[in-house]
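Step one of this worksheet: look at the structure below.
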Protein chains: 2
Amino acid sequence: MERSTRQRSAIRTVLEAAARPLSPQEIHAGVQVSVPEIGIATVYRNLKLLLDEGEIQSVTLPGENARYEAARLAHHHHHHFHCTQCDRVFEVEGCPGPMHDLAPAGFTVVRHDLTLYGTCAECAGAAVAAPAKSRGHGHRH
Amino acid sequence: MERSTRQRSAIRTVLEAAARPLSPQEIHAGVQVSVPEIGIATVYRNLKLLLDEGEIQSVTLPGENARYEAARLAHHHHHHFHCTQCDRVFEVEGCPGPMHDLAPAGFTVVRHDLTLYGTCAECAGAAVAAPAKSRGHGHRH
DNA sequence: CTACGTGCAAAAAGTTTGCAATCGC
DNA sequence: GCGATTGCAAACTTTTTGCACGTAG
């Protein structure tokens with residue numbers, strides 16, 4: 001049976017408190033504040049477990065590693081906005097509508113993912129204050 | 001100056017011959033047919049080089065490692081269809097149109113990626129012949 | 001007490017890099 | 001000949017797994 005452990009609770013707490021999808025590393029760092037001895041493996045094991053239970057959802061964007069968010073914080077059908085400057089991911093409400101007929105004849109569209117790229121409001125504002133455009137964060141891998 | 005090597009030519013050939021985006025591993029395997037001693041590092045180095053030159057493009061789908069295709073085979077603005085049964089990726093022509101106003105106020109949309117998921121025509125046909133649905137290919141990582 | 005959970009370290013998988021040998025030009 | 005390029009192995013990153021110990025119920 002599933003037990004209640006300090007580490008699992010802390011992971012839940014961090015995810016509930018986040019306003020956006022978090023990477024396993026961000027979650028690990030966040031949990032270490034309250035449970036310093038937690039290992040990254042425990043984070044991964046719990047993410048998988050919570051995912052199976054449907055308590056959290058994974059957010060996978062093109063070319064990025066998976067992020068995770070509490071399912072109850074995720075809106076129904078939504079998409080994501082990826083700020084190319086601060087590298088954060090936001091949910092966006094809208095959807096261009098059903099795209100069942102974009103696919104060639106014979107293809108069945110079950111689901112779709114849409115990712116918008118650009119500059120978030122915060123970074124757009126910062127750009128005014130500090131017009132020096134630094135190219136990305138160079139975070140490879 | 002850039003030299004013409006057997007390995008680089010072979011990589012170009014494999015990409016040109018492919019009807020779909022290929023993973024570095026698929027490219028490596030394909031090139032080994034004509035240049036057996038090629039190492040995977042050479043594949044990666046050349047992919048990066050060809051990418052910088054704009055000769056090829058990378059196709060990054062959510063949760064997947066990058067695939068590559070010859071730029072001249074890629075259509076202008078297009079999106080991708082990922083068959084969840086055979087795991088192959090196809091290009092689709094259409095686009096639901098500009099989605100600049102999906103993002104919250106203050107956000108600027110520069111680009112977008114759309115991925116459709118479902119069953120390709122071939123797999124849909126095969127399903128009729130062999131209705132047994134096998135759950136995915138289990139390719140993790 | 002006992003099975004589930006954890007920490008740690010090692011293993012996988014994918015990608016990058018250092019280095020000496022090789023080969024195009 | 002010289003420098004771009006390669007093969008190999010080692011390094012690195014992210015995620016998974018083995019194992020002995022810890023702990024919730």
Side-chain angles (χ1 to χ4, degrees), chain A residues 1-15 21-53 55-68 87 89 136-141, chain B residues 1-15 21-53 55-68 87 89 136-141:
Chain A
M1 200 210 57
E2 181 181 326
R3 291 179 187 174
S4 165
T5 63
R6 262 173 325 131
Q7 5 312 66
R8 182 136 59 226
S9 306
I11 290 172
R12 276 199 184 94
T13 303
V14 167
L15 286 170
L22 301 178
S23 69
Q25 292 70 29
E26 288 175 307
I27 297 167
H28 186 218
V31 170
Q32 279 186 318
V33 174
S34 51
V35 188
E37 71 276 23
I38 193 174
I40 187 73
T42 296
V43 173
Y44 278 106
R45 278 188 283 235
N46 276 293
L47 287 178
K48 187 166 296 184
L49 187 149
L50 296 173
L51 210 45
D52 283 347
E53 291 178 347
E55 209 177 308
I56 66 176
Q57 291 179 190
S58 70
V59 176
T60 55
L61 301 188
E64 302 270 313
N65 296 323
R67 292 171 168 85
Y68 301 85
D87 215 43
V89 174
H137 285 202
H139 86 113
R140 286 267 58 76
H141 224 263
Chain B
M1 201 209 57
E2 181 180 327
R3 289 179 188 174
S4 165
T5 63
R6 259 174 325 130
Q7 357 326 56
R8 183 136 58 227
S9 307
I11 290 172
R12 276 200 185 92
T13 304
V14 167
L15 286 170
L22 301 178
S23 68
Q25 292 70 30
E26 287 175 309
I27 297 167
H28 186 219
V31 170
Q32 279 187 316
V33 174
S34 52
V35 188
E37 72 277 22
I38 194 176
I40 187 74
T42 297
V43 173
Y44 278 106
R45 276 187 285 235
N46 276 293
L47 287 178
K48 188 166 296 185
L49 188 149
L50 296 173
L51 210 46
D52 283 348
E53 290 176 349
E55 208 178 306
I56 66 176
Q57 293 180 189
S58 70
V59 176
T60 54
L61 301 188
E64 304 269 313
N65 296 325
R67 294 171 166 84
Y68 300 86
D87 216 42
V89 174
H137 284 201
H139 85 113
R140 286 265 62 74
H141 226 263

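In what follows, chains are A, B, ... by sequence order, proteins preceding strands, each numbered from 1. None of these values were measured; they are calculated from a predicted model. Reckoned from all heavy atoms, side chains included, excluding hydrogens, waters and symmetry mates.
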Ignoring hydrogens and angles, write down the donor-acceptor pairs under 3.5 Å from the side chains of residues 37-44 of chain A, residues two or more places apart or on other chains.
unit_1: A:Glu37; atom_1: OE2; unit_2: A:Arg6; atom_2: NH1; d: 3.0
unit_1: A:Glu37; atom_1: OE2; unit_2: A:Arg6; atom_2: NH2; d: 3.0
unit_1: A:Tyr44; atom_1: OH; unit_2: A:Gln25; atom_2: NE2; d: 3.1

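- The CD-C1' distance, from A:Gln25 to D:dC12, rounds to 13 Å in whole Å.
- For the pair B:Arg3 and A:Arg3, nearest-nucleotide mapping onto DNA chain C gives the more 5' position to A:Arg3.
- Remark: A:Val14 engages A:Leu22, A:Val31 in a side chain to side chain contact (heavy atoms under 4.5 Å, CB included) (not counting sequence neighbours).
- The stretch residues 38-46 of chain B touches DNA chain C through B:Ala41, B:Tyr44, B:Arg45, each having a heavy atom under 4.0 angstrom from the strand.
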Task: Stepwise side-chain contact (heavy atoms from CB on, under 4.5 Å) test for B:Ser58 and B:Leu51 - done: CA-CA 7 Å; B:Ser58 70; B:Leu51 210 46; 4.3 Å; yes

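- Straight-line distance from the CD atom of B:Glu37 to the P atom of D:dT6: 11 Å, rounded to whole Å.
- By the side chain to side chain contact (heavy atoms under 4.5 Å, CB included) test, B:Ala66 is found to be paired with B:Thr60, B:Tyr68, residues two or more places apart in sequence or in another chain being considered.
- Atom CG in A:Leu50 sits roughly 11 Å away from atom P in C:dG5 (whole-Å rounding).
- What separates CD1 of B:Ile27 from C1' of C:dT15 is a distance of 13 Å, to the nearest Å.
- Closest approach of A:Arg8 to A:Arg3, counting heavy atoms only: NH2-O, 2.7 Å.
- In this entry the distance linking CD of A:Glu53 with P of C:dC4 reads 14 Å, nearest Å.
- If you take CD of A:Glu64 and C1' of D:dT15, they are 16 Å apart, rounded to a whole angstrom.
- Not counting sequence neighbours, A:Ser34 has no partner by the side-chain hydrogen bond (donor to acceptor under 3.5 Å, both in side chains) test.
- The nucleotide whose nearest atom lies closest to any side-chain atom of B:Lys48 is, among D:dA24, D:dT14, C:dT16, C:dT16.
- Contacts of B:Glu55 classified as side-chain hydrogen bond (donor to acceptor under 3.5 Å, both in side chains), with partners at least two apart in sequence or in another chain: B:Arg12.
- Counting all heavy atoms, side chain and backbone alike, A:Arg67 lies closest to A:Ser23 at CG-N, 4.0 Å.
- Across the protein-nucleic acid pair, A:Gln32 atom CD and C:dT6 atom C1' stand 14 Å apart, rounded to whole Å.
- An angle of 20°, rounded to 10°, separates the two end axes of the helix from C:dC1-D:dG25 to C:dC25-D:dG1, each defined over five pairs.
- DNA chain D lies under 4.0 Å from at least one heavy atom of each of the following residues of residues 4-14 of chain A: A:Ser4.
- Rounded to an integer number of Å, the gap from CD of B:Glu2 to P of C:dC23 is 19 Å.
- Interatomic distance, A:Asn46 CG to A:Ile27 CD1, rounded to the nearest 0.5 Å: 10.0 Å.
- A search for salt bridge (charged side-chain N to carboxylate O under 4.0 Å, His left out) contacts involving A:Arg45 returns nothing, not counting sequence neighbours.
- Applying the side chain to side chain contact (heavy atoms under 4.5 Å, CB included) test to B:Thr13 and every residue at least two apart in sequence or in another chain returns nothing.
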